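So you know, we letter chains A, B, ... as the sequences are listed, proteins then strands, and number each from 1. Please read all numbers here as calculations on a predicted model, not as lab measurements.
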Amino acid sequence: MASASSPHSGSYWDRTPSQLAVDCWAFGRRRALRRGRTRCACASPRLTALASARRRRCGISRGGCRARAACTKLARNAVTIYDRQRCTSIHSYRTGLVQLTRFPDSRQPLGATMPKDVITTRAKDYNQWYLDIVREADMAEVAEVVKGCIVFKPNGYAIWEMMQRELDNRIKETGHSNVYFPLLIPESFLRREAQHVEGFAPEVAVVTHAGGEKLTEPYVIRPTSETIIGYFMAKWIRSYRDLPLLLNQWANVMRWELRTRPFLRTTEFLWSEGHTAHATEAEAERETLMILHDVYADFAEQVMAVPVIRGLKTEQEKFAGALRSYCIEAMMQDGRALQAGTSHNLGQNFAKAFDITYTDQNNTVQHCWTTSWGVSTRLIGALIMTHSDDEGLVIPPRLAPTQVVLVPIYKNEAERTKVREAVARITADWKGRLRFKIDDRDNLTPGFKFNEWELKGVPVRVEVGPKDVEKGSVALARRDVPGREGKSFVPQDGLTERIVVLLEEIQAALFARALAFREQHSAFVSTYDELKQQIERGFAWAYWDGNDEDEKRIQDETRATIRCIPLEQPGTPGTCVYTGRPTTRQVVFARAY
RNA sequence: CGGGGCGUGGCUCAGCCUGGUAGAGCGCCGCGUUCGGGACGCGGAGGUCGGAGGUUCAAAUCCUCUCGCCCCGACCA
């Protein structure tokens, strides 16, 4: 990805809207202008070419212009420069010698704000598109004062609250209780489980001082809570009658990542972490899978409209300290995989490390079998990258904090009164049935509001203007079909019912679209060459009978990993894509976030 | 930790090479005209130029140190 660097470098210019690209600007300070010593500087080969053509037309010899008159003339044909983020003019002299005017073939008026282009298109730069959505939909802001952290702004946090609500319901319905454990964990706790410490040690933050003194034992800021919860479970569980112990915690955790991206990977993130203890392995396994299916996959597909593949992680990819890790994997619009949730059967590893034991019916002391599972604010990233488009965020109706926005339209006081009455009548029965907002800000034009709500992903927009008041109609626009195409005019009668139906229709359409995308970008591969090609497009399904080393080698060579061994297997025999050995097991390869 | 870039009104950035009055657009505030897909005019407020030293009659600009952020890589998923 090119970086937005100084205006003198090519990359900066290459990213400005093409037909507006700009050519050259006079620089130098006023004193220089007074002395007639202004130079014209040009950037990027294309712009240089444009500028020299213009210079020829203006009768200026090479090397920029020195004379005052020439400079004025040159500048008159120049255009202002637009900055990438706001696409606003960043440089125009209104005084002095330099009067910037329109570039002849530019269709945009100078200085006017430029719509569109505030979001980089997906085709141009997927990475930048993602960041643009996060910023323009006002979901989060990079907290530049705290490395790798973000501020969850109201629009982003509201989505998290919706996720919390839905997940919390499911977690409680399946018998779990919420608890809260300390943020700080004695460093020694982490070391008790060998694989666990190996997995997390490099990325924990450690508190060494407090109260003005060095601590005798440092605390780590929890990267996850298996250890401290394990410690307390050991105290709480005495007999089989205390089992199963089913806990969930809503918390923040910290993992010191080197490379971060809003929501997808941040130093601190919010999540739900479940921790349970059971009497038998079978029961723990049942719990692990139940969470995967009934809580995580169900939430992802039914609420987020994100189709997921449920699978088992390979040894390579499993949680540090787990017996087995299961996951749900989703496909983003660039064909890369995103792990949207994990559920681990921890076996007796933590039970042994923390001495979590119980006395069974036969008065024998046994180690418990524990599980843990989690989903995080990363889901917000999954949401964005699954449904959103070049116009902005798209939120599925069941998850949308605001499902419907109503924009009243009027020119004068008389119209305003009429429209307002109609709006009151129309929305009378919305309360309790729809999550809605009425955008009655009167310092903004309707057009601006349409775009803004589209940018923010509200699923349905209703417009009510004077014409609608006369005709008894409204304009109804659906976000999953952006722009004017998604707009239709419908009668006010029965509108509420119509919207309720439409919301479900949008929900289903989003899921169907995401599923179709995933299918189009998935393929079965039988050779290593095919595998290499397919992971450029999306998911590669393949027979697999390799070992850890084979897997690592593939990752080094292709940057792709085995995302999971899907739980649904075809069951038919085939040959391993890498080793050629016969097997019935298929896996999914992909590049991952 | 290596390589690169950047710190100037709320935001995005000019100005620095060649030292001499702090600039623009957007945003914000006020008034007026507008309002069915990103409106416009006029007026206004707003900046110890990241920090500390140094050079100089004079530093946003030159020198030294320092702090911070971003990008690419390494790491992680």
Inset, instruction - Consider the side chain of Asn451(A), meaning its heavy atoms from C-beta on, and name the nucleotide among rA77(B), rG37(B), rG36(B) that approaches it most closely. - result: rG37(B)

Legend entry - Rounded distance in Å between the C1' positions of rU18(B) and rG30(B): 43 Å

Inset, instruction - Using only side-chain N and O atoms of Thr445(A), determine if any of them is under 4.0 Å from OP1 or OP2 of rG38(B). - result: no

Legend entry - Any Arg261(A) side-chain N or O less than 4.0 Å from OP1/OP2 of rA77(B): no

Inset, instruction - Return the nearest nucleotide to the side chain of Ile409(A); candidates are rG38(B), rG37(B), rC35(B). - result: rC35(B)

Legend entry - Nearest-nucleotide comparison on RNA chain B, the residue closer to the 5′ end among Gln555(A) and Asp468(A): Asp468(A)

Inset, instruction - Give Pro466(A) one of three labels, base, sugar-phosphate or nothing, depending on what nucleic acid heavy atoms sit under 4.0 Å from its own. - result: base

Inset, instruction - For rA24(B) and rU56(B), measure between their C1' atoms and round to the nearest Å. - result: 30 Å

Inset, instruction - Could you measure between the two C1' atoms, the one in rG38(B) and the one in rC42(B), and give it in whole Å? - result: 23 Å

Inset, instruction - Figure out the NZ/P separation between Lys411(A) and rA39(B), and round it to whole Å. - result: 14 Å

Inset, instruction - Can you sort out the partners of Arg441(A) under salt bridge (Lys or Arg N to Asp or Glu O under 4.0 Å), two or more places apart, ordered by chain and number? - result: Asp439(A), Glu452(A)

Legend entry - Euclidean distance, atom NZ of residue Lys313(A) to atom C1' of rA77(B) [Å, nearest integer]: 9 Å

Legend entry - Under the ring-ring contact (aromatic ring centres under 6.0 Å, His included) test, residues paired with Tyr126(A) that sit two or more places apart: Trp129(A)

Inset, instruction - May I ask you to verify if any side-chain N or O of Arg265(A) is less than 4.0 angstrom from the OP1 or OP2 atom of rA77(B)? - result: no

Legend entry - Polar pair under 3.5 Å, donor/acceptor by atom type, side chain Glu452(A), base rG38(B): no

Inset, instruction - Report which part of the nucleic acid Glu257(A) touches: base, sugar-phosphate, or nothing (heavy-atom distance under 4.0 Å, all strands). - result: base

Legend entry - Same-atom distance (P) from rG7(B) to rG51(B), integer angstrom: 13 Å

Legend entry - Same-atom distance (C1') from rA60(B) to rG20(B), integer angstrom: 13 Å

Inset, instruction - Name the nucleic acid region contacted by Arg461(A), choosing base, sugar-phosphate or nothing; use a 4.0 angstrom heavy-atom cut-off, strictly under. - result: base

Legend entry - Closest listed nucleotide, where the reference is the side chain of Glu317(A) and the choices are rA77(B), rG36(B), rC76(B): rA77(B)

Inset, instruction - Given salt bridge (charged side-chain N to carboxylate O under 4.0 Å, His left out), test Asp556(A) with Arg553(A) step by step and report yes or no. - result: CA-CA 5 Å; Asp556(A) 289 343; Arg553(A) 222 171 296 129; over 6 Å; no

Inset, instruction - Would you kindly check whether a donor in the side chain of Lys449(A) faces an acceptor in the base of rG38(B), or vice versa, at under 3.5 angstrom? - result: no

Legend entry - Range-with-range stems for RNA chain B, at least three Watson-Crick or G-U pairs under 3.5 Å: B:1-7 with B:67-73, B:10-13 with B:23-26, B:28-33 with B:39-44, B:50-54 with B:62-66

Inset, instruction - Using salt bridge (Lys or Arg N to Asp or Glu O under 4.0 Å) as the criterion, list what pairs up with Glu187(A), not counting sequence neighbours. - result: Arg191(A)

Legend entry - Donor-acceptor contact present, side-chain Ser325(A) to main-chain Phe319(A), <3.5 Å: yes

Inset, instruction - Using only heavy-atom distances, determine whether the side chains of Asn345(A) and Thr371(A) contain a donor-acceptor pair under 3.5 Å. - result: no

Inset, instruction - Would you mind classifying the nucleic acid contact of Phe489(A) as base, sugar-phosphate or nothing, using non-hydrogen atoms under 4.0 angstrom? - result: base

Legend entry - Pairwise 5' ranking along RNA chain B for Val142(A) and Glu485(A), keeping only the more 5' one: Glu485(A)

Legend entry - side-chain contact (heavy atoms from CB on, under 4.5 Å), paired with Tyr326(A), selected from Leu567(A), Ile565(A), Thr342(A): Leu567(A)

Legend entry - Set of salt bridge (Lys or Arg N to Asp or Glu O under 4.0 Å) partners for Arg479(A), sequence neighbours left out: Asp389(A)

Legend entry - Out of rC70(B), rG36(B), rA77(B), whichever nucleotide has its closest atom nearest the side chain of Ala475(A): rG36(B)

Legend entry - Separation of the P atoms in rA14(B) and rG54(B), to the nearest angstrom: 30 Å

Legend entry - Spacing of the P atoms in rC6(B) and rG53(B) (rounded, Å): 25 Å

Inset, instruction - Examine Lys487(A) relative to Phe450(A) and say whether NZ or CZ is less than 6.0 Å from the centre of the six-membered ring and inside a 45° cone about the ring axis. - result: yes

Legend entry - Between P of rA74(B) and CZ of Arg559(A), the distance in whole Å: 9 Å

Legend entry - Atom-pair distance (CD on Glu136(A); C1' on rC11(B)), nearest Å: 11 Å

Inset, instruction - Could you check which of rA77(B), rA39(B), rG36(B) has an atom nearest any side-chain atom of Gln339(A)? - result: rA77(B)

Legend entry - Rounded distance in Å between the C1' positions of rG9(B) and rG44(B): 14 Å

Inset, instruction - For the side chain of Phe450(A), starting at C-beta, report the closest nucleotide among rG37(B), rA74(B), rC69(B). - result: rG37(B)

Inset, instruction - Figure out the CZ/C1' separation between Phe200(A) and rC76(B), and round it to whole Å. - result: 11 Å

Legend entry - Whole-Å distance separating the CG atom of Asp138(A) from the P atom of rC11(B): 14 Å

Inset, instruction - Determine the contact category for Asn412(A): base if any of its heavy atoms lies under 4.0 Å from a base atom, sugar-phosphate if only primed atoms, P, OP1 or OP2 are that close, otherwise nothing. - result: nothing

Legend entry - Between rC71(B) (P) and Leu131(A) (CG): distance, integer Å: 8 Å

Inset, instruction - Please list, chain by chain and in numerical order, all residues satisfying salt bridge (Lys or Arg N to Asp or Glu O under 4.0 Å) with Glu257(A), sequence neighbours excluded. - result: Arg265(A)

Legend entry - Separation of atom OH in Tyr410(A) from atom C1' in rA39(B), rounded to whole Å: 15 Å

